[in-house]
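Only this structure's heavy atoms are used, side chains among them; waters, hydrogens and symmetry mates stay out. Bear in mind that the values here come from a model prediction, so they are computed numbers and not experimental data. Numbers here are sequence positions counted from 1.
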Amino acid sequence: MTKHGLPKDFLWGGAVAAHQVEGAYNVGGKGLSVADVMTAAGNHDERKITDGVQAGEFYPNHEAVDFYHQYPEDVKLFAEMGFKSFRTSIAWSRIFPQGDEIEPNEAGLKFYDRLFDECLKYNIEPVVTLSHFEMPYHLVTKYGGFRSRKTITFFTRFAKAVFERYQDKVKYWLTFNEINNQSNYDRAFTLFTNSGIQVKPGENAEEVMYQASHYEVVASSLAVQIAHQINPDFQVGAMVAFSPVYPATDKPSDVLKAQRAMQARFWFSDVQCEGEYPTWLTQYFDAKGYDLDITKADLANLKRGTVDYLGFSYYMSFATQASDHEDKQFSYNESRDLVTNKYVPQSDWGWQVDPEGLRYGLNWMNDRYHLPLFIVENGIGAIDKLTANHEVHDQYRIDYLRDHIVQMKLAMVEDGVPVMGYTPWSAIDIVSASTGQLSKRYGFIYVDRNDYGSGSLARYRKDSFYWYQRVIATNGADLSLDGEHDDTKA
Ligand code: P53
């Protein structure tokens, strides 16, 4: 790495997830997924999870932005931006519509053949998440999602089918998207999207979360092992939402609280990267009386199936504070324990925008895991205005991304952190995961569609499209708006 430059093979690109762009929810034999039974919400409330698909409800993921049909034009636009990589996911329920079949659905497999071929045509490297908030809905109703150990088998069968099928097309894989979102176990959305679980009255949501997450880290470790048997060149990563939790003050108990919060949010990647449970957590299970189904064979698999790299999303940072009545465990409940950080601004959706937190995170993960890191999501959800001549002046998005790229470069160039690539969220406008809104826009490409499902679905390049095109063309040297501050020319 030169003083200014990033590695020549740096994977610049953009990211999406299948259910947030594809639509065609019942085309090509696809089964329902958890994303297909979630309605749209507003700026500050949560999506409703309905009992199957109900008449009279609006499900924004059913059509999304119709990427399933429009991907050739969209991938062409990604190529025009200069993407070296494109992160998407495989909709599990296209491949195993119910989830518990023995044989995969050929029509579903063919769709991703076409999509990956289209990417490769432009030398765009696919980066593929196996499960991005889209478990087959039948696994929820029949098995309770990852409440059941059986779901490990369904997942590994799916993983094996796609590893075999795309072994010459895809090299970079991720197992579970933001597996650690469910550390916020009191939020119905996270347990449902991560694990296909709805907590029942009287249940201990935290215990349910730990059991399901255990099955997921085991499933992930098995997938890593299967992947390496099929193709030793595969790079299989874990994927966490990296929102660091800072102590609100320098009071020692606040620091301890923040440390526990970090442990609670990142034990997932501890297990996936290091192959064993951290000591604090096994002690915690004992203290809480959680008698989990964790076998010796599971522990051996966790050890054998550690990941090759760590992918993560970065949107925001959090802060926390100890209360006067902490238990000995400093038990962390994300819905209860976060406080506002007065030093950072917030997005329109209340997300705390903190570019320096990205440099902090890159260093923190590098110190902890000693693995290559891949920033597979970073971006800002914002209201965009399409002008009469189909322009979008999204300076706020450019500012957000530039400020984060600056910090990424500092981490790489000044701190020596190995970063494989950067795929901001999102390549093209998507359906927001938490709100189901189209109006919480993230893309470089505007899609004409509103929160209620109307619009022409036409695509328009935003100002950020042209800006990012120059960022990639100069390998991150020119982050200016007008192209006049290219530091390669300095
Ligand atoms: P939306 C919470 C916190 C951080 C990232 O999020 C999160 C979530 C879940 O909402 O999700 C990731 O659309 C996720 C994407 C999602 C993106 O961030 O809720 O991997 O699927 O769209 C942005 O604004």
Side-chain angles (χ1 to χ4, degrees), residues 19 31-38 49-52 89-105 129-162 175-226 238 267-268 271-272 277 281 285 288-302 305:
H19 70 282
L32 285 182
S33 81
V34 295
D36 294 322
V37 299
M38 293 197 296
I49 299 162
T50 59
D51 187 9
S89 60
I90 294 178
W92 185 349
S93 65
R94 283 197 196 286
I95 312 302
F96 289 94
Q98 303 283 298
D100 57 0
E101 299 91 339
I102 299 294
E103 293 302 326
N105 169 34
T129 315
L130 292 172
S131 179
H132 190 131
F133 304 167
E134 53 207 336
M135 169 190 293
Y137 185 58
H138 172 75
L139 295 184
V140 173
T141 52
K142 180 146 184 214
Y143 303 93
F146 268 104
R147 282 177 188 275
S148 170
R149 181 175 276 279
K150 288 191 182 127
T151 302
I152 299 177
T153 307
F154 304 138
F155 176 79
T156 52
R157 194 179 292 155
F158 161 57
K160 183 162 185 277
V162 298
T175 55
F176 292 96
N177 184 64
E178 291 188 338
I179 188 169
N180 65 327
N181 264 5
Q182 56 199 323
S183 58
N184 193 351
Y185 50 82
D186 268 351
R187 196 178 161 204
F189 169 82
T190 57
L191 264 177
F192 189 65
T193 52
N194 279 127
S195 302
I197 289 175
Q198 287 176 285
V199 176
K200 298 169 193 153
E203 269 188 324
N204 180 329
E206 187 183 44
E207 184 172 10
V208 170
M209 179 277 286
Y210 276 118
Q211 182 63 70
S213 304
H214 172 70
Y215 290 149
E216 284 157 34
V217 290
V218 170
S220 173
S221 74
L222 291 167
V224 170
Q225 296 174 63
I226 295 166
W267 71 268
F268 301 81
V271 173
Q272 291 176 294
Y277 271 87
L281 187 51
F285 293 156
K288 295 279 167 177
Y290 295 165
D291 184 20
L292 305 181
D293 171 29
I294 299 177
T295 67
K296 283 215 174 87
D298 290 345
L299 297 177
N301 276 317
L302 293 177

inquiry  = Let me confirm one number: the CZ-CD1 distance from Arg157 to Ile152, rounded to the nearest 0.5 Å.
reply    = 13.0 Å
request  = Identify, with sequence neighbours excluded, every residue that meets ring-ring contact (aromatic ring centres under 6.0 Å, His included) alongside His214.
outcome  = Tyr277
note = side chain to side chain contact (heavy atoms under 4.5 Å, CB included) filter on Ala35, not counting sequence neighbours, yields His19, Ser33, Asn61
query = Any chance the side chains of Glu216 and Ser195 put a donor and an acceptor closer than 3.5 Å?
reply = yes
ask   = For Arg187, what residues pass the salt bridge (Lys or Arg N to Asp or Glu O under 4.0 Å) criterion, not counting sequence neighbours?
value = Glu46
Side-chain donor or acceptor of Ser89 paired with backbone N/O of Ser131 under 3.5 Å = no
key: Point-to-point distance, once rounded to the nearest 0.5 Å, from CD1 of Ile95 to CD of Glu103   = 13.0 Å
task = Verify the distance criterion only: is there a donor paired with an acceptor across the side chains of Gln225 and Asn301 at less than 3.5 Å?
result = yes
request  = Among Trp267, Tyr215, Phe268, find the one that has a ring pair (Phe, Tyr, Trp, His ring centres under 6.0 Å) with Tyr210.
outcome  = Trp267
query = When the aromatic ring centroids of Phe96 and Phe154 are compared, is their separation below 6.0 Å?
reply = no
Would you be so kind as to tabulate the donor-acceptor pairs closer than 3.5 Å made by side chains of residues 200-207, with sequence neighbours excluded?
unit_1 : atom_1 : unit_2 : atom_2 : d
Glu203 : OE1    : Arg147 : NH2    : 3.0
Glu203 : OE1    : Lys200 : N      : 2.8
Glu203 : OE2    : Arg147 : NH1    : 2.8
Asn204 : OD1    : Glu206 : N      : 2.9
Asn204 : OD1    : Glu207 : N      : 3.1
Asn204 : ND2    : Tyr290 : OH     : 3.1
Glu206 : OE1    : Tyr284 : OH     : 3.1
Glu206 : OE1    : Tyr290 : OH     : 2.7
Glu206 : OE2    : Tyr284 : OH     : 2.8

Residues forming a ring-ring contact (aromatic ring centres under 6.0 Å, His included) with Phe176, sequence neighbours excluded = Phe146, Phe155
query = How would you list, by chain and number, every residue that makes a ring-ring contact (aromatic ring centres under 6.0 Å, His included) with Phe192, sequence neighbours excluded?
reply = none
query = Hey, are Ser221 and Gln272 close enough side-chain-wise for a donor-acceptor pair under 3.5 Å?
reply = no
Donor-acceptor pair, side chain of Gln182 and main chain of Ile179, under 3.5 angstrom = yes
task = Report yes if some heavy atom in the side chain of Tyr185 is under 4.5 Å from a heavy atom in the side chain of Val199; otherwise report no.
result = no
request  = Could you tell me whether the side chain of Ser148 and the main chain of Gly144 form a donor-acceptor pair under 3.5 Å?
outcome  = no
inquiry  = Check whether Asn194 reaches the backbone of Glu178 with its side chain - one donor and one acceptor, N or O, closer than 3.5 Å.
reply    = yes
Residues that Phe189 engages under ring-ring contact (aromatic ring centres under 6.0 Å, His included), provided they are two or more places apart = none
task = Taking Glu101 for its side chain and Gly99 for its backbone only, find out whether a donor-acceptor pair lies under 3.5 Å.
result = yes
ask   = Rounded to the nearest 0.5 Å, how far does OG of Ser213 lie from CG of Asn180?
value = 9.5 Å
query = What distance separates Met209 CE from Asn181 CG, expressed to the nearest 0.5 Å?
reply = 11.5 Å
remark   = Shortest non-hydrogen pair, Ala159 vs Leu130, comes out as CB-CD1, 4.0 Å
ask   = Is there a donor-acceptor pair under 3.5 Å between the side chain of Asp298 and the backbone N or O of Thr295?
value = yes
remark   = Taken in chain and number order and not counting sequence neighbours, the residues that satisfy side chain to side chain contact (heavy atoms under 4.5 Å, CB included) with Thr141 are Tyr137, His138
Partner set under salt bridge (Lys or Arg N to Asp or Glu O under 4.0 Å) for Asp291, not counting sequence neighbours = none
request  = Report the residues that fulfil side-chain hydrogen bond (donor to acceptor under 3.5 Å, both in side chains) with Tyr143, sequence neighbours left out, ordered by chain and then residue number.
outcome  = Asp100
query = Which heavy-atom pair separates Thr129 from Asn177 by the least distance, and what is that distance?
reply = CG2-N, 3.8 Å
inquiry  = Quick check for you: to the nearest 0.5 Å, what is the distance between Thr153 atom OG1 and Lys160 atom NZ?
reply    = 13.0 Å
key: Separation of Ile49 CD1 from Thr193 OG1 (nearest 0.5 Å)   = 8.0 Å
ask   = Looking only at heavy atoms, which two atoms of Thr175 and Ala223 are closest? And how far apart?
value = CG2-CB, 4.3 Å
query = Taking only residues two or more places apart in sequence, or in another chain, which ones meet Lys150 in a salt bridge (Lys or Arg N to Asp or Glu O under 4.0 Å)?
reply = none
request  = Please identify each residue that fulfils side chain to side chain contact (heavy atoms under 4.5 Å, CB included) with Asn105, with sequence neighbours left out.
outcome  = Pro97, Ala107
